[in-house]
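Below, read A as the first sequence line, B as the second, and so on, with proteins coming before strands; counting in each chain starts at 1.
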Protein chains: 2
Amino acid sequence: MFKQGTPSSHFICVTSGLTKIYIEGYGKNLILALVKPVDYIFGPGVYLDNKHYYSASAVEDTTACLVDTSIFKKLIRSNPDFAEDFIKRTSAQTLFNFEQVISLTQKQMHGRIADALFYLSEKIYCTNPFNMTISRQDLADISGMSKESAIRILKEFKEEGILTVDGNIFEILNIKQLKQISETG
Amino acid sequence: MFKQGTPSSHFICVTSGLTKIYIEGYGKNLILALVKPVDYIFGPGVYLDNKHYYSASAVEDTTACLVDTSIFKKLIRSNPDFAEDFIKRTSAQTLFNFEQVISLTQKQMHGRIADALFYLSEKIYCTNPFNMTISRQDLADISGMSKESAIRILKEFKEEGILTVDGNIFEILNIKQLKQISETG
DNA sequence: ATCCTTGATTGATATATGTCAATGGTCAAA
DNA sequence: TTTGACCATTGACATATATCAATCAAGGAT
């Protein structure tokens, strides 16, 4: 959909499908979030230099509509309720980033995969047996590890009866134990 | 100054000294930023649930003044320029967080210490031979590693002539090489 | 001066994690 | 059916990094 470093003149509203937004780092990508309908993609560059500071690409067939950022900015200036709501949203986003950073920097792989699984099940697909439409590489890019490592952790979870994987259908069997793993790092 | 999880009813303006803001994670801390005069401490909780989502404590003797958040919120609603400026600041903050996350998750220790040294020299102390007023543990908490590892990397940099350390006076001798290390991870 | 606390440093060791290479499965195009 | 491309999986191995324990240096208080 767009690449890090390119000019950004619109903000994007995803109306169907699923999109990943990710930073292209040193040889690997870090997925910041998955965006599902109806949610917005609005990067920090909009109020700075009108560049994208992350890339976005569809992981499922996705439709979206674009809104010129100048319209958005006018709305912010003219409507205090809108501005306040926007600040609330970005605050929540920041909070989410905090949790993510702590997970990525202070937990080991098992805890990070656990967090990613909960993110997918609770926040993205919103069901428990859920259909993984993202690749193992994407899962690894969410959890900040190599895809081989991610696969190995999944295998361990399967062996311990925490998880079943049938094709791309994932089911978390033992939520409590997985929460435990998330907590203890 | 305040602890993660406590209620936050004011925003803080640091008028002298140096303060670290950090997240208390699983057994270790992650320093998000150092705050020097004159800058503000304004967490994401202010517009959500009025709680602090990170802790702050002084690393040098620090004075600060407090402003009730309700005053701040009124200003946001009544003054579009102020609101826009605030959004710009938080955008810049978000951008900085992005760089930080990439550094922490995709670079190895040498690159992360290099980044931390540049942060201290260029953004915080703003001189090149600079007086490290933070501890090695703090340096480690900025770079997301154990203090022993941080010390070892510093030692290597000294041996390679990139850095001199005299007491708490640090001088980056070979900026170009250190940039190189930051780039190559 | 001596003690005591705190932070810095060093070494030895364990382990978490990445890398590389090989294999297998699946699906679509020819 | 066969081929090829792509993704998932597995194993063997190298190495980055944390942990633990010990030592050392510098002040402050008694």
Q) In Å, rounded to the nearest 0.5 Å, how long is the span from CG of A:L75 to CG of A:D81? A) 10.5 Å
Q. Do you see a donor-acceptor pair shorter than 3.5 Å between the side chains of A:T133 and A:Y125?
A. yes
(Q) Check whether A:S91 reaches the backbone of A:I87 with its side chain - one donor and one acceptor, N or O, closer than 3.5 Å. (A) yes
Q | A:F42 and A:F11 aromatic ring geometry - parallel, tilted or perpendicular at 30°/60° bounds | A | perpendicular
Q. Should the ring pair B:F86 and B:F72 be called parallel, tilted or perpendicular, given that the plane angle runs from 0 to 90° and is split at 30 and 60?
A. perpendicular
Q: Report the distance from atom CG of B:D138 to atom C1' of C:dG7, rounded to the nearest whole Å.
A: 12 Å
**Q.** Residues touching DNA chain D, which here means a heavy atom under 4.0 Å, drawn from residues 146-157 of chain B
**A.** B:S146, B:E148, B:S149, B:R152
**Q.** Interatomic distance where CD belongs to A:Q106 and P belongs to D:dA18 [whole Å]
**A.** 11 Å
Q. Between atom NE2 in A:H110 and atom P in C:dT15, what is the gap in whole Å?
A. 13 Å
Q. Rounding to a whole Å, what distance do you find between B:K107:NZ and D:dT17:C1'?
A. 18 Å
Q: Could you tell me the separation between the CD atom of A:Q108 and the C1' atom of C:dT17, rounded to a whole number of Å?
A: 10 Å
Q: Rounded off to whole Å, could you give me the CG-to-P distance for the A:D166 and D:dT9 pair?
A: 12 Å
Q | Interatomic distance, B:R112 CZ vs D:dA18 C1' [rounded to whole Å] | A | 11 Å
Q: Look at the side chain of B:R136 and decide which nucleotide, out of C:dA8, D:dA8, D:dA18, has an atom nearest to it.
A: C:dA8
(Q) Could you check whether any side-chain N or O of B:S121 sits under 3.5 Å from a backbone N or O of B:L117, counting only pairs where one atom can act as donor and the other as acceptor? (A) no
**Q.** For atom CG of B:L139 and atom P of C:dT9, their distance in whole Å
**A.** 11 Å
